[in-house]
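A quick note: this is a predicted structure, and the numbers were derived from the prediction, not measured. Each chain gets a letter, A, B and so on, in the order the sequences are listed, and its residues count up from 1.
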Amino acid sequence: MSAVPELRITLAGTERVVAAGTTAGAALEADGRTVIAALVNGEPRDLDHELAEGDAVEPVAVDSEHGRAILRHSTAHVLAQAVQELFPEARLGIGPPIENGFYYDFDVAEPFTPDDLKRIEKKMQEIVKQGQRFSRRAVSDAAAREELADEPYKLELIGLKGGAGDAAEGASVEVGAGQLTIYDNLHPRTGELCWKDLCRGPHLPTTRVIPAFKLMRSAAAYWRGSERNPQLQRIYGTAWESRDALKSYLTFLEEAEKRDHRKLGAELDLFSFPEELGSGMAVFHPRGGVIRRVMEDYSRRRHEEAGYEFVNTPHISKGKLYETSGHLPHYADSMFPPMEFEGADYYLKAMNCPMHNLVFRARGRSYRELPLRLFEFGTVYRYEKSGVVHGLTRARGFTQDDSHIYCTKEQMPGELDALLTFVLDLLRDYGLSDFYLELSTRGDSDKFIGEPAEWEEATEVLRQAAEKQNLELVLDPGGAAYYGPKISVQARDAIGRTWQMSTIQVDFQQPKRFGLEYQASDGSRQRPVMIHRALFGSIERFFAVLLEHYAGAFPAWLAPVQAVGIPIADEHVPYLERVADRLRAEGIRVEVDAGDDRMQKKIRNAQKSKVPYMLLAGDEDVSKDAVSFRYRDGSQNNGVPIDQAVAEIVTAVRERR
RNA sequence: GCCGCCUUAGCUCAGUCGGCCAGAGCGACGCACUCGUAAUGCGUAGGUCGUCGGUUCGAUUCCGACAGGCGGCUCCA
């Protein structure tokens, strides 16, 4: 019989009895390298956290989502320590883990240079190599204030304790709701204090078990995320459980860079942003134009089949319209300033909905017409701040595939359900297949207008429609537009990035503001519900997403040039022209490369322009009434009879492959 | 809008510690070559070094403003 007091705990699901004073690490027999922390009763804890009677303990592996966050958080501490060693005057902001990495904010007189980053990274490596221990220590608020007297931002966080979640994204990793703690970095042999930071933790046992990290960039960021606050210098870094994991992340970034639509757009001669037009305004070149036209044509056809009616509206209108719609009071910052003309203020169109409301209101409407679905490729202009304009995904002029559906309240659930299915099916036809949905609801802010009961009802209907799709549903409280809740469809692309695509919004406001009415079967006048919905979001943005998704190698039906004829020698050009004529007669976009490059060079050019089909012909093919295929992936299929070759291409295009 | 960085030929980039005619590769154009699955050779043209202003005997180079771009912050389709 031992006199040592004992504890009963649950270890990774099984009951155990351990000596009092046992740490989570000891109970888990953690090596501190692959298992780097513990979940105690669901809360992340350091390995040297002492267990209490009845605790449930689970290991946290460094290569788990939780584990990486802890690793990155610890690496952020190493970053801050390195910065303060090199720049003793630097004051600390916050330093949380983020997706794929971490950052730390500093108040310094001069922004960091790329050279500074190199020095900081080197210093971090020294700290990692030393293997300093992360040691947790509870402190009272008063003691923390005294210790951190030189860290004004930390003091501010202490003052905000409890409300830290609202203080700033990431601030909650510094101060939790309860007892304040400070982490000391201790020298492994001497135990000497090397550095300390106010932090909730948990952390790795030592800096030595940071396997791989890299500083990425520095940039300015507002303290606590507000434009009104001072700007701090933020350093971004990434950290991984192994060198290989870091390497594959860096490879992913390279891949993303290769797919950048701005780069591909120039390389493939699809579009450009002439400086003469001003920032955020694109022109589409013929090759981009044809892709866009095919995208639009297919969308038009599907909308027509789904009972939409097409309308057209101007690009400019008197300000009164946007006062009626409520945009001017809520949205004026995003609109171009007005043009004074004939005694009225004219605004560039920033939204299509007010104009569609005028179409609805142009005459009396009957319940028999509902749901009335108005559709337009409507070009809008929005004033985007100069720093946010970004290629085709964030432009100042863009075209929405916008539609507004007017229906009765009773029709709303069925309409939303059908709409969401329609939207997802159509997106799938363009080649996106991996989706999740986001439901954005009303928040506390006073930007939201309208009756809470209406909001609740609409939110509930949207939720039900979303749940029927059997897709992951993410809640986004407070993310709604000012006039109503919305569902947005998020799509993951070929390399796993997510893009916001379609949005579906319910709006009770505009029908009221415009006095929209229909006559019901009982002769009474009723107010319709309005559903806003853009499927591509904007054609330009959707174009960019597809361009990046396919890395420029569009499926045949969208490819600007679907086939290129490549003669082995000049004398084979007329033969290929005849083949090309056959294809053109079937509506295929085909070119014959009759230039005086060598055949190999023509193949290279066609390959670089990502043409799906290369059709080669030499004496052998001519003698057999055939062509030889070279596909984009480099594979070939030689001596294919012309009829068969034409059929192969036509079928692929018809089936949108 | 804020912070930092960037802007040299159609594209990608050298270069000038302030000094006579600013370079390369690719692309374009011309000539020769007529070739079986990712670059044939030779030649030619092309730049008031983003714009405007300042400093200087002299500015593409230094300084400032503006425009455009890139990375973030804030915001968003």
inquiry  = Mind checking if A:R234 touches a base, just sugar-phosphate, or nothing, with heavy atoms under 4.0 Å?
reply    = sugar-phosphate

ask   = Just wondering, do A:V592 and A:V564 contact through their side chains at under 4.5 Å, heavy atoms?
value = no

inquiry  = Between B:U7 and B:C63, how far apart are the two P atoms, rounded to whole Å?
reply    = 13 Å

ask   = Could one point to a donor on the side chain of A:R630 or the base of B:A38 with an acceptor on the other under 3.5 Å away?
value = yes

ask   = Out of B:A38, B:G1, B:C35, which has the shortest distance to the side chain of A:R598?
value = B:C35

query = A:Y222 has a side chain; which of B:C73, B:A39, B:C33 sits nearest to it?
reply = B:C73

inquiry  = Tell me if the aromatic rings of A:F102 and A:Y104 count as close, with their centers under 6.0 Å from one another.
reply    = no

inquiry  = Measuring centre to centre across the rings, with the benzene-like ring taken for any Trp, is A:Y482 within less than 6.0 Å of A:Y331?
reply    = no

key: Watson-Crick/G-U partner (both atom distances under 3.5 Å) of B:A67   = B:U7

message = As a test of reading the structure: which of B:C73, B:G4, B:A39 is closest to the side chain of A:A221, going by heavy atoms?
response = B:C73

message = Should the side chain of A:E384 and the base of B:A77 be counted as holding a donor-acceptor pair, with the cut-off at 3.5 Å?
response = yes

key: Any A:K601 side-chain N or O less than 4.0 Å from OP1/OP2 of B:G27   = yes

ask   = Between B:C76 and A:Y383, is there an OP1 or OP2 to side-chain N/O distance shorter than 4.0 Å?
value = no

query = Now, which nucleotide makes the Watson-Crick or G-U wobble pair with B:C2, with each of the two distances under 3.5 Å?
reply = B:G72

inquiry  = For a quick check of understanding: with a heavy-atom distance under 4.0 Å over all strands, which category does A:S279 fall into, base, sugar-phosphate or nothing?
reply    = sugar-phosphate

ask   = Of all the nucleotides listed (B:G72, B:G1, B:G4), which has the minimum atom distance to the side chain of A:K385?
value = B:G1

Residue met sooner reading RNA chain B from 5', once A:M501 and A:E227 are mapped to nucleotides = A:E227

request  = Kindly determine whether A:Y103 and A:M216 satisfy side chain to side chain contact (heavy atoms under 4.5 Å, CB included), including the steps that lead there.
outcome  = CA-CA 10 Å; A:Y103 65 79; A:M216 304 303 285; over 6 Å; no

request  = Have a look at A:A606 and say if it touches a base, only the backbone sugar-phosphate, or nothing, with a 4.0 Å heavy-atom cut-off.
outcome  = nothing

ask   = Between A:Y308 and A:F422, what is the ring plane arrangement, given parallel below 30°, perpendicular above 60°, and tilted in between?
value = parallel

remark   = Out of B:C2, B:U74, B:U34, minimum distance to the side chain of A:A569 belongs to B:U34

key: Complementary nucleotide for B:A32 - Watson-Crick or wobble, under 3.5 Å   = B:U40

inquiry  = Using whole Å, what does the distance between atom P of nucleotide B:A77 and atom CD1 of A:I504 come to?
reply    = 14 Å

request  = Could you tell me whether the side chain of A:D619 has a donor or acceptor atom within less than 3.5 Å of a complementary atom in the base of B:G36?
outcome  = no

remark   = Of B:C76, B:G36, B:C31, the nucleotide closest to the side chain of A:D596 is B:C31

task = Go through the N and O atoms of the side chain of A:Q231 and the base of B:C73, and report whether any donor-acceptor pair is under 3.5 Å.
result = no

ask   = Expressed in angstrom and rounded to an integer, what is the separation of A:F106 atom CZ from B:G4 atom P?
value = 18 Å

message = Of the listed nucleotides (B:U37, B:C76, B:U74), which one gets closest to any side-chain atom of A:R394?
response = B:C76

key: Gap between atoms CG and P, on A:D269 and B:A28 respectively (whole Å)   = 12 Å

inquiry  = Applying a 4.0 Å non-hydrogen cut-off, can you work out what A:Q500 is touching in the nucleic acid: base, sugar-phosphate, or nothing?
reply    = sugar-phosphate

ask   = Within less than 4.0 Å of OP1 or OP2 of B:C75, is there a side-chain N or O belonging to A:H390?
value = no

query = Within the structure, does a side-chain N or O atom of A:S386 lie under 4.0 Å from either OP1 or OP2 of B:G1?
reply = yes

inquiry  = With a 4.0 Å limit, can you tell me whether A:R217 has a side-chain N or O closer than that to the phosphate oxygens OP1/OP2 of B:G72?
reply    = yes

key: Base-pairing mate for B:U55 - Watson-Crick or G-U, with both contacts under 3.5 Å   = none

ask   = Rounded to the Å, how far apart are A:K608 NZ and B:A39 C1'?
value = 9 Å

inquiry  = Looking at A:S628 and B:G36, is any side-chain donor or acceptor paired with a base atom of the opposite kind under 3.5 Å?
reply    = yes

query = Of all the choices, B:G72, B:U40, B:G69, which nucleotide is nearest to the side chain of A:V389 once you look at every atom?
reply = B:G69

ask   = Is it true that A:F112 and A:F87 have ring centroids separated by less than 6.0 Å?
value = yes

Separation of B:U74 C1' from A:D333 CG (nearest whole Å) = 13 Å

ask   = Which is true for A:Y236 with a 4.0 Å heavy-atom rule: it touches a base, it touches only sugar-phosphate, or it touches nothing?
value = sugar-phosphate

task = Tell which nucleotide pairs with B:G23, taking only Watson-Crick or G-U wobble pairs whose two distances are both under 3.5 angstrom.
result = B:C13

request  = Could you tell me the separation between the CD atom of A:E571 and the C1' atom of B:G36, rounded to a whole number of Å?
outcome  = 13 Å

query = Taking a pair as Watson-Crick or G-U wobble with both distances under 3.5 Å, which nucleotide is matched to B:U61?
reply = none

ask   = Does NZ or CZ of A:R442 lie under 6.0 Å from the centre of the six-membered ring of A:F448, at an angle within 45° of the ring axis?
value = no

ask   = If each of A:G391 and A:F112 is mapped to the nucleotide of RNA chain B with the nearest heavy atom, which maps nearer the 5' terminus, i.e. the 5' end?
value = A:F112

message = For the C1' atoms, the ones on B:A22 and on B:G46, what distance do you get once it is rounded to whole angstrom?
response = 13 Å

request  = Applying ring pair (Phe, Tyr, Trp, His ring centres under 6.0 Å) between A:H303 and each of A:F377, A:F375, A:F536, report the one that passes.
outcome  = A:F375

ask   = Taking the same atom, P, in B:C29 and in B:C76, what whole-Å distance lies between them?
value = 48 Å

query = Does OP1 or OP2 of B:C70 have a side-chain N or O of A:R262 closer than 4.0 Å?
reply = yes

task = Pick the C1' atom in B:A77 and in B:A59, then give their distance to the nearest Å.
result = 45 Å

message = With rounding to the closest Å, how many angstrom separate the C1' atoms on B:G68 and B:G50?
response = 8 Å

ask   = What is the nucleic acid contact for A:Y631, judged by heavy atoms within less than 4.0 Å: base, sugar-phosphate only, or nothing?
value = nothing

key: Option among A:R262, A:R292, A:R396 that satisfies the salt bridge (charged side-chain N to carboxylate O under 4.0 Å, His left out) test with A:E540   = A:R292

inquiry  = From CG of A:D597 over to P of B:U40, roughly how many Å is that when rounded to an integer?
reply    = 7 Å

request  = Just compare B:G36, B:G1, B:A39 and give me whichever is closest to any side-chain atom of A:I568.
outcome  = B:G36

query = Is A:Q636 touching bases, backbone alone, or none of the nucleic acid, heavy atoms closer than 4.0 Å?
reply = base

ask   = A:N605 near the nucleic acid: base, sugar-phosphate alone, or nothing, with a heavy-atom cut-off under 4.0 Å?
value = nothing

ask   = For the ring pair A:H532 and A:Y483, is the centre-to-centre distance below 6.0 Å?
value = yes

request  = Using the P atoms only, state how far B:G72 lies from B:G64, rounded to an integer number of Å.
outcome  = 26 Å

request  = Can you figure out which of B:G1, B:C70, B:C75 approaches the side chain of A:R396 most closely?
outcome  = B:G1

task = Quickly work out the A:L268 CG to B:G27 C1' distance and round it to whole Å.
result = 15 Å

